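Data first, discussion second: the structure below is written as structure tokens.
Atoms considered below: every heavy atom in the structure, side chains included; atoms not considered: hydrogens, waters and symmetry mates. Both ligands and their constituent atoms are indexed starting at 1 by order of listing. None of the values given here were measured: they were computed from a predicted structure.
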Amino acid sequence: MRILAIETSCDDTAIALVEASGTVSAPRFRVIKSIISSQIDVHRPWGGVVPNLAKREHIQNLPEIFRQIFNLQFSNNNFQINSKSKIPKIDAIAVTVGPGLEPALWAGITFAKQVWQNLKSQNSNLKIIGVNHLEGHLYSFLLSQGLKNKNSKLKTLFPAIALIVSGGHTILLRMDSLAKWKMLGETRDDAVGESFDKVAKMLGFPYPGGPEIQRLAESGDPRAIPFPSPMIGTKDYNFSYSGLKTSVLYYLRDHHPTTKNRKLKNDVAASFQEAALKVLVKKTERAVREFDAKTILLSGGVAANASLREKLSVESEKLKVNFIAPPQSFNTDNAVMIAVAGYMSILRKKNRKLAADGTMGI
Ligand code: KG4
Ligand code: ZN
């Protein structure tokens with residue numbers, strides 16, 4: 001089945017066209033086209049994502065990206081699909097309905113409904129389905145090259161421990177199959193990606209700060225400053241990042257790194273990154289042992305972090321389990337993962353309301 005997917009939950013406007021086939025235990029995906037338009041430059045002056053600006057940008061970007069996906073000709077002010085538009089048959093439209101910024105989510109939902117209305121005449125069975133953004137991240141490991149054409153391997157991966165780490169979420173869950181999972185824990189306050197962004201801002205770097213922290217940390221000493229790793233010793237699978245952020249703030253208040261004092265900045269970034277990642281790795285390891293898991297799955301924007309991937313890779317070798325993370329381009333927000341989660345929702349007969357739900361859980 002051919003799926004058109006739309007993602008607008010935060011500051012990326014993304015549309016993808018994906019061919020999906022196979023069953024709920026052995027799905028297969030082929031990306032036909034995927035376009036992501038980042039709004040980083042629009043939000044940067046504000047130090048973070050502004051919901052109504054994001055909405056405005058999504059509304060502007062969606063028709064243009066749609067046009068590029070299908071090589072159509074029409075002006076942005078006159079978005080219209082008619083029988084002359086050369087659009088190949090589509091079987092389903094998948095759109096993110098939550099969690100995320102509600103004004104941004106509505107932009108995608110409204111556009112998806114408009115496209116559905118327009119394309120219905122070509123295919124009276126055209127489905128439109130609401131997708132959970134977090135399921136998109138969770139399922140994104142299915143796009144990993146190593147799994148392609150190896151469906152026989154899929155069922156040997158479970159139970160798996162999945163770590164979803166992004167700008168909005170820090171979630172650990174146990175996945176028993178592609179259709180069944182249980183959340184083990186999540187952050188009590190800030191998300192890990194959010195703490196990377198905030199520490200980068202304290203060091204004078206623009207949003208989003210994760211890649212900057214990684215870059216600075218590569219030249220710093222991770223043992224230079226003993227920042228705390230909050231909740232590392234608690235028996236649960238929850239996380240907390242606001243205390244770590246505050247420790248960095250106090251340290252900087254007392255030490256004032258200047259642009260000339262690059263070493264101090266590098267050491268702060270490296271020590272912060274070390275403290276932040278240590279908890280993620282420790283709790284993932286504990287969950288693997290407790291549930292006798294066979295695989296560690298990593299996803300979300302922070303999964304792009306090279307040090308986290310390295311640490312989990314080393315840990316998985318020690319534990320003798322698989323470690324799977326999606327290719328770099330599918331870690332941060334994209335619409336391909338929404339097509340994947342949309343297909344899985346169809347197979348699992350999960351129907352979600354086509355309405356924005358900013359705080360939807362997994
Ligand atoms: O999944 P995502 O694109 O959006 C959300 O759903 O939140 O994640 C964005 C987050 C940002 O906080 C960004 O700083 C972080 O992912 N990020 C990184 C790296 N690349 C992106 N954090 C640490 N290291 C990176 N290399
Ligand atoms: Zn995301």
Geometry only, no angles: is Gly193 polar-contacting ligand 1 at N/O separations under 3.5 Å? yes

For the pair Arg174 and Asp176, find out whether any cationic side-chain nitrogen is under 4.0 Å from an anionic carboxylate oxygen. yes

So which protein heavy atom does atom 8 (O) of ligand 1 come closest to, and at what separation? Gly301 CA, 3.3 Å

The Zn ion (ligand 2) -> His137, closest N, O or S atom is NE2

Can you check which of Val49, Val302, Asn331, Asp197 brings a heavy atom nearest to atom 12 (O) of ligand 1? Asp197

Geometric N/O contact Asp12 with ligand 1, under 3.5 angstrom: no

Which residue and non-hydrogen atom of the protein lie closest to atom 18 (C) of ligand 1, and at what distance in Å? Gly210 CA, 3.5 Å

Any side-chain heavy-atom pair from Glu194 and Lys245 closer than 4.5 angstrom? no

I'd like to check which ligand 1 atoms, numbered from 1 as shown, lie under 4.0 Å from a non-hydrogen atom of Phe196. 23 (C)

Please indicate whether any nitrogen or oxygen in Pro208 is less than 3.5 Å from any nitrogen or oxygen in ligand 1. no

Atom of Asp333 closest to the Zn ion (ligand 2), considering N, O or S atoms: OD1

Atom 4 (O) of ligand 1 has as its nearest protein heavy atom Asp333 OD2, 3.2 Å

Gly167 heavy atoms, cut-off 4.0 Å: which ligand 1 atoms fall inside? 5 (C), 7 (O), 8 (O), 9 (C), 10 (C), 12 (O)

Per-atom filter on ligand 1: closer than 4.0 angstrom to a heavy atom of His133 are 6 (O)

Considering only protein heavy atoms, which is closest to atom 26 (N) of ligand 1, and at what distance to one decimal place? Gln214 OE1, 2.8 Å

His58 versus Gln39, side-chain donor and acceptor atoms under 3.5 Å: yes

For ligand 1, which atoms, with element, lie under 4.0 Å from some heavy atom of Gly168? 7 (O)

Just need the protein heavy atom nearest to atom 24 (N) of ligand 1, so name the residue and atom and give the distance. Asn305 ND2, 3.0 Å

Please determine whether the number of non-hydrogen atoms from other residues, nucleotides or ligands lying under 6.0 Å from atom NZ of Lys182 exceeds 12. no

If we ignore angles and hydrogens, is there a donor and acceptor under 3.5 Å between the side chains of Lys263 and Ser219? no

Phe141/Phe330 aromatic ring centres below 6.0 Å: no

Determine whether Ser229 and Lys282 satisfy the following criterion, side chain to side chain donor-acceptor pair (under 3.5 Å), listing intermediate values before the conclusion. CA-CA 10 Å; Ser229 287; Lys282 178 85 194 153; over 6 Å; no

The atom name of the N, O or S atom in His133 nearest to the Zn ion (ligand 2) is NE2

To the nearest 0.5 Å, how far apart are CD in Glu135 and CE in Met360? 8.5 Å

For Thr332, the atoms of ligand 1 under 4.0 Å from one of its heavy atoms are 3 (O)

Ligand 1 atoms in contact with His137 (distance to a heavy atom under 4.0 Å): 1 (O), 6 (O)

Within less than 4.0 angstrom of ligand 1, does Cys10 place any heavy atom? no

Under a 3.5 Å threshold, yes or no: a donor from one side chain and an acceptor from the other, between Asp190 and Ser195? no

Both conditions, 6.0 Å and 45 degrees, for the charged tip of Arg44 above the ring of Tyr207: are they met here? no

same_hphob_cluster(Leu126, Ile32) at 4.5 Å side-chain heavy-atom cutoff: yes

Row check, Phe239 ring normal vs Arg188 NZ/CZ: under 6.0 Å, within 45°: no

